[in-house]
Number of protein chains: 2
Amino acid sequence: MGAVENERHDPRVPLWTPVCQAIAALLSPYAEVVLHDPGTDRVLAIWNPMTSRGQGDPSLLGELDDLDPSGKDVYGPYEKLLADGRRLSSVSAILRDAQGEPSAVLCVNLDRTPLEQAAAVLSAFAAPTVQRPQPLFEQDWFERIQQVIGSHVRVTGRPVERLSREDRLTILRRLEQDRVFAVRRAAPVVAGALKISRSTLYGLLAELRAPRAKE
Amino acid sequence: MGAVENERHDPRVPLWTPVCQAIAALLSPYAEVVLHDPGTDRVLAIWNPMTSRGQGDPSLLGELDDLDPSGKDVYGPYEKLLADGRRLSSVSAILRDAQGEPSAVLCVNLDRTPLEQAAAVLSAFAAPTVQRPQPLFEQDWFERIQQVIGSHVRVTGRPVERLSREDRLTILRRLEQDRVFAVRRAAPVVAGALKISRSTLYGLLAELRAPRAKE
DNA sequence: CGACCATCTGGACTATTTGTCCAAAATAGA
DNA sequence: TCTATTTTGGACAAATAGTCCAGATGGTCG
């Protein structure tokens, strides 16, 4: 930890330390508590770190992505995935000083993996051995694409070649909901099926995924 | 502990009592252990009874339904439903004397309800509130992983930490069949769930996928 | 105990896939 | 035809997937 000195005396750290420590202690060892400086976008302090981040490091993970100042100060819990496969539940909160000005951003990352494993063990314990008949899994993501597009074409009566922009957005919204793009190589296949270029595909997707950027 | 005059001296009861008592103690208070007489179809003894049956009562629940003497002596676990809605997992075993003759039938009935409730609590803990838009398609790949691994662990009795190389290959073969690795980011999750490194994971996978390289 | 074998690990590295960007071409409309 | 919008191909940048290997680990056997 290099740049410790110049932030050691940041008044915000001692201010929020008790809360953070309490949370970290309560949820240890499965939760990491991070205090960010929203101005410099760096870590002010961290308790029980799960990644290799330390104080002064830039805020990774996009924890501060879209903390729009409209309305709520608490975000999540939403899901995050670590490189090593752990699944986190994260909540963030904007901490304000006495004047109501944003002072720091608090993030709590809880590793859900052990809980989920425990749940799996418990629910499987002494359960009948007969396996569930396997939900077909994602064999059919390909068919699914055909299906969604085909059905839309049939409903609107427009052939794939001349669907409107809106049509395509609708279809993509649907495929996105169905998590089709969580399957490797699905994107180019969809582009092909829609007879549009990969660029366009990603453009439309970005539009969908953007919270409310447009308008 | 059940004991009635006219059967007090049945030599089978003292013979099997230690095992039954041990099982009952281990799983108490959620399991009932019953010792049946396959000849008279009556209860020889019962520990930790969950229903109102007692010693000498006729064997209810059809626990002895189809214990065909061909091959295995252990049956289940299969599911049973109690009148009050509790879900039981049951195993039965034919106990044989020194001559190999059927001596008694052991049934263990485990009440799964509290476990299932606990599992529900655990899996809900800190789960993202906004997620799960559509269970339509399979986002279940994660659960699937838990399921496959969990079931293997249960069957072999080995905890995840000390599965053998073969165990892991078996599990991976299964996951591969289920196309789990066609899902983005599945690999590190599997590695994490198996408690092995990403390297090892890919090594084992390569071994599986190699046509006939090994030998 | 110590050598030995098999396997696993962390990390560096390469390959493939995903996602972004932009200037130019295509298309739709008035 | 002229203009505004959208699409396209292709160049990049970023993220994931997969490979490789030297060293760590763990179990076995004399």
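In what follows, every chain begins at residue 1, and chains take the letters A, B, ... in the order their sequences are listed.
Regarding B:L208, its CG atom lies at a distance of 13 Å from the P atom of D:dG18, rounded to whole Å. C:dG19 atom C1' lies 15 Å from atom CG of A:L172, rounded to whole Å. Protein atom CD of A:E207 is 13 Å distant from nucleotide atom C1' of D:dT7, rounded to whole Å. With rounding to whole Å, B:L204 atom CG is found 14 Å from D:dG18 atom P. When rounded to the nearest whole Å, the span between CZ of B:R185 and P of D:dA17 equals 7 Å. Rounded to whole Å, the distance from CG on A:D167 to C1' on C:dA28 is 16 Å. If you measure from atom CG of B:L205 to atom C1' of D:dA17, you get 11 Å, rounded to the nearest angstrom. Atom CD in A:E161 sits roughly 13 Å away from atom P in C:dA28 (whole-Å rounding).
The phosphate of C:dT7 has neither OP1 nor OP2 within less than 4.0 Å of any side-chain N or O from B:R168. The side chain of A:R184 contributes no N or O atom lying less than 4.0 Å from OP1 or OP2 of C:dT17.
Take B:L169 and apply the side-chain contact (heavy atoms from CB on, under 4.5 Å) test, not counting sequence neighbours, and it matches B:R165, B:E166, B:R173, B:L204, B:E207, B:L208. The salt bridge (charged side-chain N to carboxylate O under 4.0 Å, His left out) check on A:R158 picks up A:D167, with sequence neighbours excluded. Every side-chain contact (heavy atoms from CB on, under 4.5 Å) that A:V19 has, sequence neighbours left out, goes to A:W16. Listed by chain and number, the residues in a side-chain contact (heavy atoms from CB on, under 4.5 Å) with B:E176 are B:F181, B:L205, B:R209 (sequence neighbours excluded). For A:T200, the side-chain hydrogen bond (donor to acceptor under 3.5 Å, both in side chains) partners two or more places apart in sequence, or in a different chain, are A:S197. Listed by chain and residue number, nothing satisfies the side-chain contact (heavy atoms from CB on, under 4.5 Å) test with A:P188 (two or more places apart in sequence, or in another chain).
Over its length, the helix from C:dC1-D:dG30 to C:dA30-D:dT1 turns its helix axis by 30°, as judged from the five terminal pairs at each end, rounded to 10°.
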When you compare the protein's N or O atoms with those of nucleotides 22-27 of chain D, which come within less than 3.5 Å of each other, and at what distance?
none

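For the pair A:A45 and A:V13, the tightest heavy-atom approach, listed with the atom from each and the gap, is CB-CG1, 4.4 Å. In plain terms, the two heavy atoms of A:L44 and A:A104 that are nearest each other are CD1-CB, 4.3 Å.
Residues of residues 193-202 of chain A having a heavy atom closer than 4.0 Å to DNA chain D, listed by number: A:K195, A:I196, A:S197, A:S199, A:T200.
A distance of 10.0 Å separates CG in B:L35 from CD1 in B:I46, rounded to the nearest 0.5 Å.
For B:R165, the listed nucleotide lying nearest its side chain is C:dT7; candidates were C:dT7, C:dT17, D:dT7.
When only modelled atom types and interatomic distance are considered, A:N48 and A:E32 share no side-chain donor-acceptor pair under 3.5 Å.
The list of salt bridge (Lys or Arg N to Asp or Glu O under 4.0 Å) pairs with a residue in residues 195-204 of chain A, not counting sequence neighbours, reads A:E161-A:K195.
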